[in-house]
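Read the numbers this way: they start at 1 and go in the same order the structure lists the ligands and their atoms. In what follows, residues are counted from 1 in the order of the sequence shown.
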Amino acid sequence: MPLLQHQPKSILVTGGAGFIGSNFLHQIVPTFSDASIVNIDKLTYAGNLLSLQNIENAPNYQFVHGDICDSNLLKRLFEEHQFTTVIHFAAESHVDRSIHIPLEFIQSNVAGTASLLEVAKDAWMSESSCRETYRFLHVSTDEVFGALGAEGKFTTDSPYAPRSPYAASKASADHFVRAYAETYGLPVIISNCSNNYGPYQFPEKLIPLAIVRALEMEPIPVYSKGENVRDWLHVHDHCDALQCILSYGECGETYLVGGFGELSNLDLLKLLCNMIDEQLQRPIHTSQSLITFVQDRPGHDFRYAIDPSKLTTELGWSARYTLHEGLNATVQWYLSHQSWLKAVMDQSYRDYLKSQYVSL
Ligand code: NAD
Ligand code: TDX
């Protein structure tokens, strides 16, 4: 592991009320107890302060309700807090929604990232004292590299080939982040991670959606024949990787994050359904019988898979959870947090889901 360890003093987290951001805050608020941490979040349907109740009163933590597109608000926050570290999660994150409302994705993911970069760059340039220790970590996705066939993995040499409006917006954000490093010297790091699962994930994404549907004995929709493959990583492993990258990563570098968790969607759902039945003490195959094949997502990427060797060999990170352990723990978490589930699933969300699926 490199000898230099970055010790953040004043941290800005964007999108910290969402799935990965809230898990990350649960980790860093107690860990970096000497640092002051500000979380700016717009609280879209995907962001919820209920996910942050464990840390909301911590003395080193503050929540700001706001939009990263609001440059004046960002300027005020940078002046007030003199951030030495920015960790940028805020984004519209659901591929299916990006197909219906692409412009909202361009606004938050592209314009929002550019507005954050511009304010961060100005603050960094005017602050000579902390320039050496400054870091801007941009949290991105493997979807920017497009779709794989049956073989191979994404590496840091993979070309950009985004295929959905979501992926294109994230790719564009990545390009802006690199442009700010090349043009202005802003010390940035980019991480591209595979599919996350775990606590506090909004139940529009496959795993929490399937758990909710199984709990309610409702159909569990799987697109096409369920043959598409995703590379699953427990969110705590992703958050560990981000902490590792923040502490030991090199500015200007890109790290791919993944834990060898490949499975087809159908195999994943069958495994998950068995775990749900076991934990609910239901007869075997009760939940599996709910799996329903529905119309495919337009432009559905066939397969993602990450080669994380740069992160494991250079920075010493590796995943703690096997897929089996992680999924079991996740089922357990959702079964014991049904009040959280109910609170985040309001009627408008249920109406949205109803409009989504066409049974085959
Ligand atoms: P999420 O949708 O659960 O949370 C996103 C958060 O950002 C929400 O709290 C939302 O309110 C906030 N937000 C959205 N637009 C905003 C804006 N304009 N200003 C301020 N806040 C705004 O997403 P997530 O799954 O936690 O993903 C976080 C980041 O990680 C995203 O950038 C995503 O692209 C990336 N990522 C996600 C995954 C995954 O599997 N979920 C994998 C790799 C990378
Ligand atoms: O109802 C469904 N049925 C189904 O078969 C849903 C919601 C999804 N799927 C399929 C589509 C994908 O092949 O399951 C797979 C996973 O889908 P999502 O959970 O929507 O994730 P994905 O589209 O792969 O993107 C996710 O991983 C990368 C996150 O949403 C992104 O934010 C992240 O960047």
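Counting heavy atoms closer than 4.0 Å to ligand 1, residue Y166 contributes side-chain atoms (C-beta onward) but none from N, CA, C or O. Using a 4.0 Å cut-off between heavy atoms, H94 makes no contact with ligand 1 at all.
Residue contact annotation: G16 has no non-hydrogen atom under 4.0 Å from ligand 1. Using a 4.0 Å cutoff on heavy atoms, A17 counts as a contact of ligand 1. Contact analysis leaves K170 out of contact with ligand 2, as no non-hydrogen atom separation drops below 4.0 angstrom. Look at T14 and you'll find every heavy atom at least 4.0 Å from all atoms of ligand 1.
Using a 4.0 Å cut-off between a side-chain N of Lys or Arg and a carboxylate O of Asp or Glu, R320 and E325 do not qualify as a salt bridge. Salt-bridge check for E92 with K42: failed, with every basic side-chain N at 4.0 Å or more from each acidic carboxylate O. Between E104 and R97 there is no salt bridge, since no side-chain N of the basic residue sits under 4.0 Å from a carboxylate O of the acidic one.
If you number the atoms of ligand 1 from 1 as listed, the ones under 4.0 Å from a heavy atom of N195 come out as 40 (O). For ligand 1, the atoms lying closer than 4.0 Å to a non-hydrogen atom of L43 are 11 (O). Each of the atoms 11 (C), 12 (C), 13 (O) of ligand 2 lies under 4.0 Å from some heavy atom of H300. Atoms of ligand 1 found under 4.0 Å from any heavy atom of G47 (numbered from 1 in listed order, with element): 8 (C), 9 (O), 11 (O). The atoms of ligand 2 that sit less than 4.0 Å from any heavy atom of N265 are 10 (C), 12 (C), 13 (O), 14 (O), 15 (C). Heavy-atom proximity to A46, at under 4.0 Å, picks out these atoms of ligand 1: 2 (O). Near S93, with a cut-off below 4.0 Å to any heavy atom, the atoms of ligand 1 are 1 (P), 2 (O), 23 (O). Within ligand 1, counting atoms from 1 as listed, the ones closer than 4.0 Å to a heavy atom of G66 are 19 (N), 20 (C). Remark: ligand 1 atoms within the under-4.0 Å shell around heavy atoms of S194 are 42 (C), 43 (C).
Closest heavy-atom approach to atom 24 (O) of ligand 2 among the candidates R303, R213, R230: R230. Selection from R297, E204, E143, R97 by nearest heavy atom to atom 25 (O) of ligand 2 gives E143. Heavy-atom proximity to atom 2 (C) of ligand 2, evaluated over Y197, F19, Y223, W232, is greatest for Y223. Residue nearest to atom 14 (C) of ligand 1, selected from S108, G15, A91: A91 (by heavy-atom distance).
Within the cation-pi definition used here (under 6.0 Å to the ring centroid, within 45° of the axis), K205 does not qualify as a partner of F19. A cation-pi arrangement, defined by a distance under 6.0 Å to the six-membered ring centre and an angle within 45 degrees of its axis, is absent between K121 and Y180.
Considering backbone and side-chain N/O atoms, V95 never comes within less than 3.5 Å of an N/O atom of ligand 2.
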Requested in this report: Give the C-alpha distance, both sets of side-chain angles, the deciding distance and a yes or no for ring-ring contact (aromatic ring centres under 6.0 Å, His included) between F202 and H94.
Outcome: CA-CA 10 Å; F202 192 76; H94 193 42; 8.6 Å; no
